[in-house]
Structures are given as C-alpha cells and as structure tokens.
There are 4 protein chains.
Amino acid sequence: MEPSKSGKAEPRWERRKEARPSELVAAAVELFAEKGYAATRLDDVAQRAGVSKGTLYLYFDSKEELFKAVVRTGIVPAIQEAERLVDGFAGSATELVHEIFTGWWRLIGANRLSAIPKIMIAEARNFPEIADFYHDEVMEPGKRMFARAIQRGVDSGEFRPLDVQCAVRVLLAPLVMHAIWQHSLAGCEKNLVDPARYLDTYLDLALKGLQVRR
Amino acid sequence: MEPSKSGKAEPRWERRKEARPSELVAAAVELFAEKGYAATRLDDVAQRAGVSKGTLYLYFDSKEELFKAVVRTGIVPAIQEAERLVDGFAGSATELVHEIFTGWWRLIGANRLSAIPKIMIAEARNFPEIADFYHDEVMEPGKRMFARAIQRGVDSGEFRPLDVQCAVRVLLAPLVMHAIWQHSLAGCEKNLVDPARYLDTYLDLALKGLQVRR
Amino acid sequence: MEPSKSGKAEPRWERRKEARPSELVAAAVELFAEKGYAATRLDDVAQRAGVSKGTLYLYFDSKEELFKAVVRTGIVPAIQEAERLVDGFAGSATELVHEIFTGWWRLIGANRLSAIPKIMIAEARNFPEIADFYHDEVMEPGKRMFARAIQRGVDSGEFRPLDVQCAVRVLLAPLVMHAIWQHSLAGCEKNLVDPARYLDTYLDLALKGLQVRR
Amino acid sequence: MEPSKSGKAEPRWERRKEARPSELVAAAVELFAEKGYAATRLDDVAQRAGVSKGTLYLYFDSKEELFKAVVRTGIVPAIQEAERLVDGFAGSATELVHEIFTGWWRLIGANRLSAIPKIMIAEARNFPEIADFYHDEVMEPGKRMFARAIQRGVDSGEFRPLDVQCAVRVLLAPLVMHAIWQHSLAGCEKNLVDPARYLDTYLDLALKGLQVRR
DNA sequence: TATGAATGAGGATTCATTCAT
DNA sequence: TATGAATGAATCCTCATTCAT
C-alpha cells in the first residue's frame, strides 16, 4: 500500500469535494443517534468521516445545519421510494398493508435510516423548525399513505369500519417503536427477539385486528 | 419584622430537607424531557424548583446522579402500583388486558411520568448503567406482567396461540409511542387525535387481533 | 490545607461583586488600546483583572458588550466633568480656551482615558452602534462646548471672525492627536517632546491664530 | 471574443506577475483601513483583488508581510514626491508652508493613502518593526522637512520664534487628524464640513499663529 | 442549610496557512 | 502560475462544579 521506496510519499490529504458531504452526514447520523445532538462533538463527526474539523465547516455552516442535513437528506429519498411503492400497487388491501409493513422494514427499519426517528423524537423540542419539516414531509405523507390503504380495505369490505386516523397511529407504532429500539435500549436486552418473528407477529395481529370476521 | 415574642420565630424561608429532593426531581423531569440531558442546565432546574444552584448540590452529587434519581424515583412507584393492580385481578384475560391498558394510561400515559420513556430512549446510550436499571426494573417486569395476562388468555382459549414474547412488544408499542409523542413531536401536529378515541381504537384492534374467532 | 503558620489558609478567591466590573473595564481599556479589539483575548483581560475567564462573563455578556462598556463608562464621566467646567466659567474667551485646553489635558490627555479616542478611531467601522454613541455623547458635546467658547470670543471682539465649525475641528486636532500618539507610535520616538512644552506651544499658536491683531 | 487566428492565442486569463502585487496591496489597504489588521480576512483581500487566497501566498509570505508591504509601498512614493516638492521650492516661508499643506492634501489626504496613518496608529503596538519603519521613513522625514520650512521663516523674520519641534507636531496634527477621520468616525457625522473650507480655515489659523505681527 | 460568585475544562467556530490538483 | 480544498491552532463562550459567605 505504501510504496515507501517508489519515492512517492503518501499525500497528507485528498481532494474529494463530491464525496465529503454525504460522508459527513453518514458519520453524523450515527453519532447523533448514539449520543444525541448536544452530546455529539463535531470533532468526533469529522474524525469518523476521516477529515478535520475545519473541513466539516467547508460543507456545513454550523452544527445545526449539519443536523438539519442529516434529517433532510436522510429521510427524503426513503419517503419518495415509499410513495412510489404504494402508488403503483395493484393487489388487495390486505396485500397492500402487508407490502407497506415489509417495505418499511426493508427500506428504513433494517438500515441506518432507522436512526432518524429516534433522533427526531429526542431533539424535536430543540429544533422546532426541523421538527415541522419532519412532520410535514415525513410523518404526514406516511400517515396519509397508510390511511389510504386502510380506507381501501374498509371500502372493499376487507376491513372492519373504524376510526382510520387513530388506527393509522396505532398500527404504525410497533414499526416505529422497533426502529427506535435498535438505537436506544436494545443493548440492554438479554433475550433479543428475532426481527422476522416480530414482523410476523405484528402482521398477524394487525391484520386479524383489521379484518372482518367471516 | 415579625413578632418574635410568639416563642418560635418564623424563619424567612423554611428548611425543607424532605421536600427539596422531590421538588428538584420534578423540575428535572420536565427539563430533561423537554431539552434532553446534555442541553438541560442545572441552573434552570434549580430555578424551576425555586432554589439556587448550590442548593441542588446539597441533595445530588452531580448532574448524573440527578438524572438517575429522575428515572429511579420517577418510575418505580408506578411500576409497583401496576404490579399490585395485575396481581389482584380476578376477571377474564380480555378484561385484564383492558385493565392493563387503561391503567397504564391513567398512571403514566396521562401525567408527568409519561416523560420518562422519552428520556430513557434519548439517553440510554449515554447512561448504560441507568438504562440497565430501567430495563431490569421497568421494562422486564412490565413485559412479564403483560405476558402473563396474554398467556392466561391463550390458556383459557380466549386468545389465539401466538408468539407471546413478540406479541407483548407489538401490543405495548402503541401505548409507549403515545407517551413519547406527547413529549416530542406532538407540538407540530395540526389535527391532534383525541386520546380517548386513540385508546378505544387501540383496544379494539388489539383485542380483535388477539381473540379467537368464534 | 496546610495552615503554614498563620493558621488561615489563603482562600482561592474572594467575593467582590461590586469591584469586579470596574476592574474588568480598566483591564480592558488597556488591552483594547494596546492591541485593538480583535487582537485582545478575553483570557488576557481576565488575567489582568485578576479573575478567571468565566468571571468576566458574569458581568459582561460578550466581548462586544465589554467593549461598549469600556467606551461608555470610560468617557461619560469625563464629559460631564468637562461640561461643568465650561458652564461655570466666568473669565474672558481667551482664558476660557486656555482653561478648556489645560482641562482636557488634565482630565483625559494625561491619564488612562486618553486611550479611548485611539480605541474609537481604530474600531469605529467595526462598531457603528458604539461609534454613533461616541459621536453623539462625546464628540458633538465637545465640539459644541468649544464652539461656544470661540463664538464668545468672536462676539466680544477678542477673536477674529472665522468659520467656527472648521476652527473647532482644527483647534482640537492637536489635543486629540497627542492622546492618540501616547497609545500608538510614541514608543518609536527617540527624541520625545515634553508634554508641557507641547501644550505651551499649542496654546501660543492657537491663541495667536485666533486673536485679532491690535 | 478575439480571432484566435491572429497567431498568438489569447490566454483565458492573463498572467500578470507584475500587476498582482500592487492589486493585492490596494485591496489590502482598503480592508486594513476599514476593519483593522486582525479583523481583515485574507480571503476578503484576495476576493477584492479578484484572485484566490492561494494566489495571494504566491506574492506575500504571510499576512504580516502583506501588511508591511501595504505600509511600505503605500507611503514611500508619496514621501519621495513630497521631498522633491520642498527641496525645489523657491518662494517665501509662508508660501512654502502653504504649498506643503495643500500638497499633502492633494497627495495623501484626498486619496486612498490617507488610510495609512489610521492603519499605523491602530496597529503600531502590534507591529513594532513596521512602526519603526514608518517612524523613520515617514514621520521623521516629514517633520524634518516641515521643521526646515518653519525654521526658514523664523530665520527670515516672517515667523515668530518658537519651539520648532513642538510647533511641527501641533501644526501637522489637523492634517493627519483629518485623514484619520475619513477612515473612522466620518460615517457618524451628520453635518460634514467641506474639506476646502477646513483646509482654508486651517491655513488661516496656522499662518496667523506663526506670523509676526506687523 | 442556603446562596451565588468564582472557577476552568470543554466544545463550537474562525481563519491563516499549506498543498494536492 | 493559479486554485481552493484541507488543516489545526487559536479564541469565544458555556456550564457543571466548588466554595467563601
């Protein structure tokens, strides 16, 4: 790796203007999720991204801007993907609900983005502006999308009639809770549950709760 | 200023060795819930409790000890109360689940203690020791208690057989999520749901999900 | 810990709530005059005042507020004193001008306050707000006062008629320049002039320049 | 834009090895005068000169060297010009003094170079080396030159005998003060004086102060 | 006990300077 | 030559903690 004899010294740093922002955001997601906003030091973010503290300031004006970028750039693509998913769906309401649950799991719950809900919950009060953004751009679309799926089932006679607004919140809670869990108390747990079993049980309970009894 | 002849002179401000700690903890619960641990200033905690910063240090050795006291003294009485509730219950499994849900709502979800879950989620990683305490003393007992209620239903034929460990987690999520909500993003929400309707819908979905179909 | 012999250990610090602000301002006057605003470190100000950096912040919200306090509290008393001086003067215009020059010398030019004009000149552009204050509260009153003295002389026939507004500026320049000098280039000068001779020559030239020729 | 067939291809941006330094110095004069040394960012200097920060370092080793160049290259030509002016003068002492005042006004007071005295006053303490240079190369020659003019008047009987060293300082103060003014508090002034009237009044007062009474 | 002035370590931010391109 | 991305030392400011009163 280091051709110490070839005469070419290892350069002290490289120019990577394009890659830096996303690397910094990725490092910041992890640290904000782990420690919270206030307890995260920019020194650590920079170090984890492999740059110096000064470099971070070339790309983000302040810690607050970095935080906003984390939420914004972290979640928007996932939401768009989810909207495409639902809009193009053609099966039954039951199948759609199934698809939404497993899709959320795949896109968010099982990867780095699952940290965002925990970050938002912990810091919403300190960042009303970004909380509003999150509410408007993430939660409202998410709830609307899921409400449409349930309403479709009620209309088709698959699901029992119920208070859709409340049902949406109740039914999404186990998904969100699971994500939050991974980034907070999961480390304490001795007998961890298998995610697949958790998802199965969740689908079973939710659909049985929704469906009309034949 | 005051007639000193009444025997015992009225002190300007009373010594309240006993009341101080709980007043400080109460002030701290609110501020930790609102701002998070790191962003909460002890100056503010003291001020909200109506004492000086120095006084706070007479009762708690450090900010960390205050935090631990918040979690410990905040949640333990509620857990004990809940355990009494369940242990002495004599009705059907359905009625017991119903009682647990509404009891949690009454004891925790609807008052100041609902802040504790949010605090723990936000700070678990920074305080493994107190997170362990919370897990062992709050979550495990809670899940065990609820698991017993479900198992009783399965045994009696009221509920379908299912993975009880997973079901417990799924079914408690909407309760916990609701509490967390109140202390984070609720302020952004335009069309708030009525808590009573939320609880009703939740009970309806959960029980229908659990029960065998006749 | 070890009460060497007097039995009373040296306390680590004292409470001096009253004295601190003026001590800090005094230290700051010197350093701002010496190094300029930006190059003055608050650490040094605090150290010169014999306190820690944190203590400085108990009394001044920011470096900028400290700077404002330096100008405001440094100069206002001197101006008030000067106004009293002129208002109560009963002699001839020549004597009044003489009195103003020597008074300025005594009150400002020869002591610590002579640093303020240099500070203002160096930093006016960076602190428009405090520059306005200085202009309105120090320079305008000063010029007005001096203009009245000259006008009195013109009216009484002691002085030649001239453009009073311009004359005021011209005649005050050597006084102000001398003060500025002390805090800037005086250190370079090999053959320093005697202040008393400078003042005498100045009075001689100024009065001869003003007076009508008999 | 230009026909490239003309033999020599026009470079996108021309190498201007010779013009760069003076363009950078010109930009630096303005910014040092406006903000002071410490508060001036090299980024801004480079930008105002239309180059990048890196380019600045091709011509000046450090901020300090740039500062020195500002003083040195800014003022030396003016001094040389002034010396030529005085050395070749043939009229009376009164006419010479008149010529020096108006010459200074023309060469320095009314253009960009008038910023140098303010810069030196503000930064002399931080740059003893450059202050010495300024003292030796600018102030001493200036005072010597002016002293010779006054001495010539005293010798010829035009001027009263007086302390020439002090008189020089007193008489130059209004000129220097005016220049300093333009670069500091002039922005605060509501009723600005006309420079021409100021100069006239100054000449009138100074010469009347100097001349013997016939 | 209670207070709040004083402390100082810690972290965000700036910017002169370097150096890969 | 010229650029501007990258660096890191320097400095403002905060706040948990101590301690004289």
Side-chain angles (χ1 to χ4, degrees), chain A residues 9-18 20 38-46 50-64 66, chain B residues 11-17 20 38-47 50-64 66, chain C residues 9 11-18 20 38-46 50-64 66, chain D residues 11-17 20 38-47 50-66:
Chain A
E10 205 68 13
R12 282 210 279 160
W13 41 261
E14 284 181 283
R15 282 198 166 185
R16 302 188 53 241
K17 189 177 164 53
E18 309 307 324
R20 296 291 189 222
T40 294
R41 282 174 297 140
L42 292 189
D43 247 341
D44 290 345
V45 174
V51 299
S52 73
K53 207 174 9 167
T55 299
L56 198 158
Y57 277 87
L58 291 176
Y59 298 100
F60 302 95
D61 282 349
S62 65
K63 191 180 185 181
E64 187 165 341
L66 175 62
Chain B
R12 190 70 49 86
W13 24 254
E14 35 186 341
R15 308 284 167 80
R16 304 201 300 164
K17 207 172 161 178
R20 289 287 189 235
T40 293
R41 281 171 295 146
L42 292 190
D43 246 337
D44 290 344
V45 174
Q47 187 170 29
V51 300
S52 72
K53 200 166 32 164
T55 300
L56 197 156
Y57 275 86
L58 294 174
Y59 297 100
F60 301 95
D61 283 350
S62 66
K63 189 181 188 181
E64 189 164 340
L66 174 62
Chain C
R12 284 212 278 159
W13 40 262
E14 285 181 281
R15 279 198 171 190
R16 303 187 54 241
K17 188 178 164 54
E18 308 307 323
R20 295 291 189 223
T40 294
R41 280 173 298 138
L42 291 189
D43 247 342
D44 290 344
V45 174
V51 299
S52 74
K53 206 176 7 170
T55 299
L56 198 157
Y57 278 87
L58 292 176
Y59 298 100
F60 301 95
D61 283 349
S62 65
K63 191 180 185 182
E64 188 165 342
L66 175 62
Chain D
R12 190 70 50 84
W13 23 255
E14 34 186 342
R15 308 283 166 79
R16 302 203 298 163
K17 206 175 164 177
R20 289 287 189 235
T40 293
R41 282 172 296 148
L42 291 190
D43 246 339
D44 291 344
V45 174
Q47 188 169 30
V51 299
S52 73
K53 201 166 31 163
T55 301
L56 197 157
Y57 274 86
L58 293 175
Y59 297 100
F60 301 96
D61 282 349
S62 66
K63 192 182 187 181
E64 189 165 340
E65 288 303 320
L66 175 62

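The sequence lines fix the lettering, A, B, ..., with proteins before strands; numbering per chain opens at 1. Here the structure is a predicted model, which means the values were calculated and not measured.
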Taking only residues two or more places apart in sequence, or in another chain, which ones meet Glu65(D) in a side-chain contact (heavy atoms from CB on, under 4.5 Å)?
Asp61(D), Ser62(D), Lys68(D)

So what is the 5' to 3' dot-bracket string for DNA chain F, if pairs are Watson-Crick or G-U wobble with both distances under 3.5 Å, crossing pairs use [ ] and | means the partner sits on another strand?
.||||||||||||||||||||

Sugar-phosphate or base contact per nucleotide [nucleotides 16-21 of chain F; S, B, -; heavy atom under 4.0 Å]
BBBBB-

With Arg15(C) via side chain to side chain donor-acceptor pair (under 3.5 Å) - residues at least two apart
none

Atom CG in Leu66(C), atom NZ in Lys63(C): separation rounded to 0.5 Å?
9.0 Å

Euclidean distance, atom CG of residue Leu58(C) to atom P of dT3(E) [Å, nearest integer]:
18 Å

Take the protein atom CZ of Phe60(A) and the nucleotide atom P of dA6(F), then report the distance between them rounded to whole Å.
12 Å

Can you tell me if the side-chain N/O atoms of Ser52(B) get under 4.0 Å from OP1 or OP2 in dA2(E)?
no

Taking all non-hydrogen atoms of both residues, which atom of Glu14(A) and which atom of Arg20(A) are closest, and how far apart?
O-NH2, 3.1 Å

Below the 4.0 Å mark, does dT7(F) have OP1 or OP2 next to a side-chain nitrogen or oxygen of Thr55(A)?
yes

For Ala38(C) against Ala39(D), the heavy-atom pair lying closest together:
CB-N, 4.1 Å

Below 3.5 Å, can you tabulate the donor-acceptor pairs from side chains in residues 50-59 of chain A to any protein atom, sequence neighbours excluded?
{"from": "Ser52(A)", "atom 1": "OG", "to": "Thr55(A)", "atom 2": "OG1", "distance (Å)": "3.3"}

Scan Tyr59(A) against the nucleic acid and name what it touches under 4.0 Å (heavy atoms): base, sugar-phosphate only, or nothing.
sugar-phosphate

Expressed in angstrom and rounded to an integer, what is the separation of Gln47(B) atom CD from dA2(E) atom C1'?
16 Å

Tell me the interatomic distance from Leu56(C), atom CG, to dC13(F), atom P, rounded to whole angstroms.
10 Å

